[in-house]
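What you see below is based on every heavy atom in this structure, not just the backbone, and it leaves out hydrogens, waters and symmetry mates.
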Amino acid sequence: MASQMGLVCGLARQDIVDTVFVSTYYPDHFKDIADIVTVAPSSLRGYTISAAERALLRRKAPVFWGGGVDLQDSGSTAKLALLLVRLWLLKRYGSHLVLACQGAGPVRSGIGKALTRKILSLVDCSVVRERRAGSFLENVARVSPRHVIQAADAALLLPAPNPDFGTKYLTEKGLDVSAPIIGVNLRRWFHQKGGWLPTEVRRRRKKAELSGRMKCLVENLAKSLNKLAESGIHQVALVPMYRAQPEYWEDDIFLLDSVRALLSPRIRCAMVDADLTPHELLSIFSGFEFVIGVRLHSTILAHVAGTPAVHIFYEDKGPEHFRQVGSDKFLISIDSASGPAGDAEIDQCITLLRGGIDAARSRLRDRVAKLRSETEAALRKSLVERPRAGGSE
């Protein structure tokens, strides 16, 4: 949702765009942003187009499909098939179709590669968020380089954070904003092996998922936070990136609760549990000293807010983003972090970050500003390749 909101805001800032219509299940996220009109999507996600969407599509305005969803079959081949259906329905109306700020890969199966090539045959232009994704489209999906534009994650296009909102929220949660607060995010990285069924269908019960390497990661992270408390940083904000509903399969609150149960009594701990917009969440991130995140977008939001982050990565897209912002020293592989000495690996990375945190902040400001400018230019390029048609959807 952060990537979708950033994409919509980036399009709205283009001087050649009058209005951006966004199909969303979360209209409240956009209610205070000028030149953005929300549209009710179909109740059958991916299979049909709502009446409101059809009325807009008949105008043949450029259509941007974006928000961070990867072209990959590592979790589910069926999702590629559903994406193909959705894009085919959109393309039937004759609009210029842009796949915007997406990742791509891994696609390991033959059927996954075939579906990916079919999807991209419907797309007029691909704005990719990683160089690796661009190489994948050109080499595996056989997309012409002239149809691929390099950019970064669209979440970088979010409006500037509102520090007052972040301060108020964290204070109401019982944290002292005059002292350092560490933001922490966890996720199940699913041990993806591919298959037809979506990951959410194949999930096990939470108790079963909190075992093995996942249990070890929780314990290692708690150990590192307890050591931080010994050094004087004793405030932690636990940040789930999804609510329990409607994406219940993405719920990571139970993992953060498991970390909290292992923390020292001297640590003041709060859960960020309100129904927040991406911009409000970004504003909360601006109040952190630094962030430790497993879910990539927890660290991307930190960077947009100007807050350094340590990323425990499970796919190549994490290191790619961290290289883009000059923070690749602050990466830990999921194998290292969930191993027997994972707490020492996390400690070492935190120590490195704390030793140069002012320089890390300065570097982030410069790199994020550059990437934001490049991504807005990429969106503009994808627009001006076709005649203006009264707006963007």
- Are any side-chain N or O atoms of His311 and backbone N or O atoms of Ser298, one a donor and one an acceptor, separated by less than 3.5 Å? no
- Query: Got a sec: does the NZ of Lys168 have more than 12 other heavy atoms crowding it under 6.0 Å?
  - Reply: no
- Query: Between the main-chain N or O of Ala40 and the side-chain N or O of Ser50, is there a donor-acceptor pair closer than 3.5 Å?
  - Reply: yes
- Paired with Met241, the side-chain contact (heavy atoms from CB on, under 4.5 Å) test is passed by just one of Met1, Arg187, His297, namely His297
- Hey, is the main chain of Gly306 close enough, under 3.5 Å, to the side chain of Arg365 for a donor-acceptor pair? no
- So the salt bridge (charged side-chain N to carboxylate O under 4.0 Å, His left out) pairs with at least one residue in residues 3-12 (sequence neighbours excluded) are none
- Message: Using the ring-ring contact (aromatic ring centres under 6.0 Å, His included) criterion, which residues pair with His303? Sequence neighbours excluded.
- Response: His321, Phe322
- Count the heavy atoms of every other residue, nucleotide or ligand shown that sit under 6.0 Å from CZ of Arg92, and state whether that count exceeds 12. no
- Message: Among Leu158, Leu282, Val22, which residue satisfies the side-chain contact (heavy atoms from CB on, under 4.5 Å) criterion with Met5?
- Response: Leu158
- Message: Could you check whether any side-chain N or O of Arg268 sits under 3.5 Å from a backbone N or O of Leu175, counting only pairs where one atom can act as donor and the other as acceptor?
- Response: no
- Item | Short side-chain to backbone donor-acceptor contact, Thr299 and Gly293, under 3.5 Å | no
- Got more than 12 heavy atoms from elsewhere within 6.0 Å of CZ, Arg131? no
- Query: By side chain to side chain donor-acceptor pair (under 3.5 Å), which residues pair with Glu376, not counting sequence neighbours?
  - Reply: Arg13
- Return yes if some donor-acceptor pair links the side-chain N/O of Lys91 with the main-chain N/O of Val123 below 3.5 Å, else return no. no
- Side chain Asn185, main chain Val239, donor-acceptor under 3.5 Å: yes
- Message: Looking at Ala12, is its backbone amide N or carbonyl O close enough to the side chain of Asp35 to form a donor-acceptor pair, meaning the two atoms are under 3.5 Å apart?
- Response: no
Listing, residues 331-342 side-chain donor-acceptor contacts under 3.5 Å, not counting sequence neighbours, or none:
residue: Ser333; atom: OG; partner: Ser336; partner atom: N; Å: 3.1
residue: Ser333; atom: OG; partner: Ser336; partner atom: OG; Å: 3.1
residue: Asp335; atom: OD1; partner: Arg213; partner atom: NH2; Å: 2.6
residue: Ser338; atom: OG; partner: Arg213; partner atom: NE; Å: 3.4
residue: Ser338; atom: OG; partner: Ile334; partner atom: O; Å: 2.6

- Any donor-acceptor pair under 3.5 Å linking the side chain of Ser264 with the backbone of Arg266? yes
- Listed partners of Arg260 passing salt bridge (charged side-chain N to carboxylate O under 4.0 Å, His left out), at least two apart: Asp257
- Task: For the pair Arg354 and Leu228, evaluate side chain to side chain contact (heavy atoms under 4.5 Å, CB included) and give the outcome as yes or no after the intermediate values.
- Result: CA-CA 11 Å; Arg354 291 180 67 193; Leu228 268 178; 3.4 Å; yes
Would you be so kind as to tabulate the donor-acceptor pairs closer than 3.5 Å made by side chains of residues 113-120, with sequence neighbours excluded?
residue: Thr116; atom: OG1; partner: Gly112; partner atom: O; Å: 2.8
residue: Arg117; atom: NH1; partner: Val140; partner atom: O; Å: 3.2

- Specify whether Tyr26 and His29 have parallel, tilted or perpendicular ring planes, treating 30° as the upper limit for parallel and 60° as the lower limit for perpendicular. parallel
- Nearest non-hydrogen partners of Leu157 and Gly10, listed with the distance: CD1-CA, 3.9 Å
